[in-house]
Amino acid sequence: QKEVEQDPGPLSVPEGAIVSLNCTYSNSAFQYFMWYRQYSRKGPELLMYTYSSGNKEDGRFTAQVDKSSKYISLFIRDSQPSDSATYLCAMSFSGNTPLVFGKGTRLSVIA
Amino acid sequence: ETGVTQSPTHLIKTRGQQVTLRCSSQSGHNTVSWYQQALGQGPQFIFQYYREEENGRGNFPPRFSGLQFPNYSSELNVNALELDDSALYLCASSSGQGNSYNSPLHFGNGTRLTVT
């Protein structure tokens with residue numbers, strides 16, 4: 001079992017839809033959770049950074065962490081064609097330890 | 001704009017050769033990390049440098065080595081290239097000691113290495 005599992009998709013939704021992206025993980029010692037967006041031929045761009053359990057909202061994006069279930073989610077409201085990208089979840093044990101990434105989910109938002 | 005630039009953007013090498021990839025971080029970014037991203041996979045941690053000292057290494061063989069310089073630039077060197085080394089190599093930097101909430105890692109756009 002990989003440390004971080006993420007459905008690679010592809011996921012295709014119409015413009016304006018609510019998108020739900022998820023990751024599960026096996027090691028309960030992970031404390032820091034991140035979501036990155038990666039456009040084709042670009043590096044990952046940090047979208048959300050959360051610590052421990054709870055929700056965090058930033059504009060159209062909401063990140064949720066459920067440590068009891070070892071499950072994290074990213075919700076995108078009012079999705080736009082410009083949101084079409086690969087979304088990577090990442091996590092670490094502390095602020096000084098390496099990131100462990102999921103495989104990424106490829107999202108297409110159709111106009 | 002993250003301020004992390006990598007060169008070259010693309011590179012083709014032959015199995016057995018050696019390669020050097022370069023990264024330039026923002027001024028004041030003391031931490032630089034290197035990740036390998038194979039096609040269709042998430043990035044995998046290679047190693048990290050903090051103030052020119054290696055302070056963490058992933059599950060990569062010794063033929064992967066690095067350097068960090070005082071001018072906030074760094075290098076990733078790979079010897080005896082293998083076909084499986086074909087990947088996108090990402091450099092990331094932060095102003096803190098790692099990837100904290102207040103000083104998270106920011107990634108460059110990577111170098112695409114193809115080994116034939």
Side-chain angles (χ1 to χ4, degrees), chain A residues 2-11 21-25 27 30-54 56 58 63 65 72 74 85-107, chain B residues 1-10 21 23-25 30-51 53-60 87-112:
Chain A
K2 287 185 75 83
E3 272 194 299
V4 180
E5 301 274 3
Q6 184 176 11
D7 186 338
L11 180 63
L21 304 167
N22 311 293
C23 286
T24 58
Y25 60 96
N27 194 328
F30 285 125
Q31 297 283 340
Y32 294 77
F33 304 91
M34 287 132 274
W35 285 94
Y36 285 84
R37 177 175 62 195
Q38 186 173 25
Y39 290 115
S40 180
R41 299 186 182 87
K42 298 289 189 181
E45 170 195 8
L46 180 65
L47 280 177
M48 303 289 278
Y49 190 133
T50 54
Y51 169 71
S52 198
S53 285
K56 182 177 180 181
D58 185 0
V65 175
I72 68 171
L74 178 71
T86 295
Y87 289 80
L88 296 154
C89 65
M91 46 200 77
S92 63
F93 301 119
S94 75
N96 292 337
T97 55
L99 300 179
V100 180
F101 283 87
K103 274 189 174 184
T105 299
R106 200 168 73 190
L107 171 69
Chain B
E1 181 60 50
T2 66
V4 180
T5 56
Q6 294 186 243
S7 62
T9 53
H10 295 86
L21 310 182
C23 173
S24 177
S25 308
N30 296 308
T31 292
V32 65
S33 300
W34 286 88
Y35 285 77
Q36 180 197 65
Q37 186 175 22
L39 197 62
Q41 303 294 317
Q44 274 199 294
F45 175 70
I46 304 175
F47 46 58
Q48 178 169 289
Y49 282 79
Y50 176 69
R51 291 184 174 172
E53 298 280 335
E54 184 181 298
N55 74 341
R57 189 175 183 93
N59 189 25
F60 280 80
L88 181 69
Y89 288 85
L90 295 162
C91 169
S93 71
S94 78
S95 58
Q97 190 177 352
N99 180 46
S100 68
Y101 182 83
N102 291 324
S103 56
L105 282 174
H106 291 283
F107 285 83
N109 287 329
T111 293
R112 171 78 59 192

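Values below: every heavy atom of this structure, side chains too, minus hydrogens, waters and symmetry copies.
At a 4.5 Å heavy-atom cutoff, the contact between B:Gln48 and chain A is made by side-chain atoms alone. Both the backbone and the side chain of A:Pro98 come within less than 4.5 Å of a heavy atom in chain B. Interface residue A:Leu46: only side-chain heavy atoms are found under 4.5 Å from chain B. There is no contact between A:Tyr51 and chain B, counting heavy-atom distances below 4.5 Å. Proximity to chain B is limited to the side chain of A:Gln38, based on heavy atoms less than 4.5 angstrom apart. Heavy-atom distances place the side chain of B:Gln37, and not its backbone, under 4.5 Å from chain A. With a 4.5 angstrom heavy-atom cutoff, B:Tyr50 does not touch chain A via any of its atoms.
A donor-acceptor pair under 3.5 Å is absent between the side-chain atoms of B:Gln44 and the main chain of B:Asn59, judged by distance alone.
A:Tyr87 places a side-chain heavy atom less than 4.5 Å from the side chain of A:Leu74.
With sequence neighbours excluded, no residue satisfies ring pair (Phe, Tyr, Trp, His ring centres under 6.0 Å) with A:Tyr39.
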side-chain contact (heavy atoms from CB on, under 4.5 Å) evaluation trace for A:Glu3 with A:Phe30: CA-CA 10 Å; A:Glu3 272 194 299; A:Phe30 285 125; 3.8 Å; yes

Audit row: B:Leu105, B:Ser93, side-chain contact (heavy atoms from CB on, under 4.5 Å) steps and yes/no: CA-CA 5 Å; B:Leu105 282 174; B:Ser93 71; 5.5 Å; no

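Heavy-atom pairs under 4.5 Å with chain B peak, among A:Thr86, A:Asn96, A:Thr50, at A:Asn96.
Taking the six-membered ring for Trp and thresholds of 30 and 60 degrees, A:Phe33 and A:Tyr25 have ring planes inclined between 30 and 60 degrees apart.
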